Participant: 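Structure incoming, see below.
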Amino acid sequence: MNTTPYKAGAVAVLGRPNVGKSTLVNALVGTKVSIVSPRAQTTRHRVLGIASVPGGQLLLVDTPGLHRKEHRAMNRHLNRAARGAVTDVHAAMLLVEAGRWTDEDALSYEVCAQAGVPVVLVINKIDRLKDKSQLLPFIANATADRRFEAVHPVSALKANGLDDLVATLLGLLPESAPLYDEDEITDRSSRFLAGELVREQLMHRLGDELPYAAAVEVEEFGEDGDLFRIGVVIWVERDSQKAIVVGRGGEKIKAVGQGAREGMERLFGRKVFLRLWCKVREGWADDENALRRLGYTD
Ligand code: GDP
Ligand code: MG
């Protein structure tokens, strides 16, 4: 008979942009719930990934990275969302990149420490560390004058070290019945995930060309017989940005739409009719009201 009690609770995932938070959440959940990209600032919303593992359930709050510069409404919003994510959790994971400790990592730690939750230091991307002898001094530096419950070197990408990490996290969670069905992977709506898939395609297909101030709004999400009818607007700030998103002869936006539609059909398990537009709205990234309308609310 298994006498280990079932554990369930919320774990915040913190770290500066691009350290691999979304990749780790997806690896723990086992399905893609958070979009990943080689660029910083991919994640703008809190995404709750639900990782059901033997003996427990981790509710992973994937946070936007903290941003040093708060002058734009968007960055202010992102910082509020990241701080909000460490309240009401049982533990926090601070993700850093093996071999690189920056001011932003220190800031993320302070946010966790101030919230008074146990912090687990997760040193990600160890697969990229050429000289393994650097790892111990790196850990010594990172943990000097800071309180961590545990330190776990992992590779989120290659799923190395994750079982030990999960065991540590379960140890920090309260005894509880499962909080969600074991086949649920996120509390985000299909509508939200549809928008995320469009944003991911934009990121992959436009790379560094993608205007920072591009946002995705799902205008229509409805069932029509066996299929979903989905309408998505890509908002940009200037005509010149629209030209980039649409591409010559509409080739870019067409490719984005096709990739996103395929992703939606895989995720929802049914045919999707997707309509995609690009519209210009000046100065939206500076405008708190516009941010609220686009769903960037805490
Ligand atoms: P986030 O901004 O913290 O959510 O970071 P992402 O999860 O979007 O990852 C940023 C980039 O780092 C992507 O290109 C990932 O493929 C890459 N990445 C994440 N984890 C690892 C890892 O363990 N090893 C390597 N080599 N790359 C990783
Ligand atoms: Mg992310």
Side-chain angles (χ1 to χ4, degrees), residues 11-49 51 58 60-68 74-75 77-79 81-83 85-86 92-109 111-112 119-132 134-135 138-139 142 151-166 185-186 188 192-193 195-208 210 212 214 216 263 296:
V11 179
V13 186
L14 273 103
R16 64 181 162 74
N18 225 30
V19 288
K21 297 179 295 298
S22 295
T23 306
L24 179 67
V25 168
N26 292 336
L28 292 173
V29 171
T31 314
K32 196 155 90 181
V33 289
S34 187
I35 66 172
V36 173
S37 100
R39 296 179 81 209
Q41 299 193 350
T42 305
T43 304
R44 284 179 180 172
H45 295 80
R46 286 174 61 173
V47 171
L48 181 60
L58 310 170
L60 301 164
V61 185
D62 180 25
T63 65
L66 289 160
H67 297 267
R68 276 265 180 224
M74 175 66 98
N75 283 353
H77 162 75
L78 290 170
N79 285 353
R83 288 202 176 87
V86 267
M93 287 192 267
L94 173 57
L95 254 79
V96 301
E97 224 177 286
R100 270 184 75 195
W101 180 272
T102 70
D103 286 353
E104 277 183 306
D105 297 323
L107 178 68
S108 298
Y109 171 80
V111 170
C112 299
V119 186
V120 174
L121 179 63
V122 178
I123 301 173
N124 191 30
K125 308 196 186 183
I126 50 163
D127 58 290
R128 284 226 308 233
L129 202 64
K130 289 196 185 68
D131 179 4
K132 303 287 177 210
Q134 288 176 353
L135 191 57
F138 177 76
I139 291 174
V151 179
H152 284 275
V154 305
S155 168
L157 193 66
K158 307 220 183 292
N160 283 332
L162 301 188
D163 290 347
D164 288 347
L165 173 62
V166 166
I185 53 166
T186 178
R188 286 295 186 168
F192 170 81
L193 293 170
E196 290 291 277
L197 286 168
V198 170
R199 218 151 58 76
E200 180 179 52
Q201 285 297 316
L202 281 170
M203 229 98 60
H204 281 325
R205 291 178 194 275
L206 288 170
D208 288 334
L210 180 68
Y212 168 70
V216 163
Y296 297 119

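What you see is a predicted model; the values in this text were computed from it and never measured. In each ligand, atom 1 is the first atom listed, and ligand 1 is the first ligand listed.
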Participant: Please say whether Asn18 places an N or O atom under 3.5 Å from an N or O atom belonging to ligand 1.
Facilitator: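 Yes; at least one N/O pair falls below 3.5 Å.
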Participant: Is the backbone of Ala156 close enough, under 3.5 Å, to the side chain of Asn124 for a donor and an acceptor to pair up by distance?
Facilitator: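 Side chain of Asn124 to backbone of Ala156, a donor-acceptor pair under 3.5 Å: yes, one is there.
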Participant: Show your reasoning for whether side-chain contact (heavy atoms from CB on, under 4.5 Å) applies to Met93 and Val154.
Facilitator: CA-CA 12 Å; Met93 287 192 267; Val154 305; over 6 Å; no
Participant: Determine, considering heavy atoms only, which of Ser155, Ser22, Pro17 sits nearest to atom 4 (O) of ligand 1.
Facilitator: Ser22
Participant: Considering Lys125, Glu200, Arg16, which one's heavy-atom position lies nearest to atom 18 (N) of ligand 1?
Facilitator: Lys125
Participant: Answer yes or no: does an N/O atom from Val154 fall short of 3.5 Å to an N/O atom of ligand 1?
Facilitator: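 By distance alone, the answer is no.
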Participant: Evaluating non-hydrogen atoms only, which member of Gly20, Ala156, Ala159 is closest to atom 23 (O) of ligand 1?
Facilitator: Ala156
Participant: Can you name the atoms of ligand 1, numbered from 1 with element, that are less than 4.0 Å from a heavy atom of Arg128?
Facilitator: 26 (N)
Participant: Please check if the side chain of Asp105 supplies one atom and the backbone of Thr102 the other of a donor-acceptor pair under 3.5 Å.
Facilitator: yes
Participant: Determine whether Arg16 and Glu97 make a side-chain contact, defined as any pair of heavy atoms from C-beta on separated by less than 4.5 Å.
Facilitator: yes
Participant: Can a non-hydrogen atom of Gly15 be found less than 4.0 Å from any atom of ligand 1?
Facilitator: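 For ligand 1, residue contact (heavy atoms, under 4.0 Å) with Gly15 is absent.
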Participant: Going by the atom numbers of ligand 1, which of them fall below 4.0 Å from some non-hydrogen atom of Thr23?
Facilitator: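 It comes down to these atoms of ligand 1: 6 (P), 7 (O), 9 (O), 15 (C), 19 (C), 20 (N).
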Participant: Is it true that, when you exclude Asp163 itself, more than 12 heavy atoms of the residues, nucleotides or ligands shown sit nearer than 6.0 Å to its CG?
Facilitator: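 No, CG of Asp163 has 12 or fewer neighbouring heavy atoms, counting only those of other groups under 6.0 Å.
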Participant: Val13 pairs by side-chain contact (heavy atoms from CB on, under 4.5 Å) with which of Leu94, Val25, Leu58, Val19?
Facilitator: Val25
Participant: When you compare ligand 1 with Lys21, is there at least one nitrogen or oxygen pair between them that comes in under 3.5 angstrom?
Facilitator: yes
Participant: Under a 4.5 Å cut-off applied to non-hydrogen side-chain atoms, are Leu129 and Ile123 in contact?
Facilitator: no
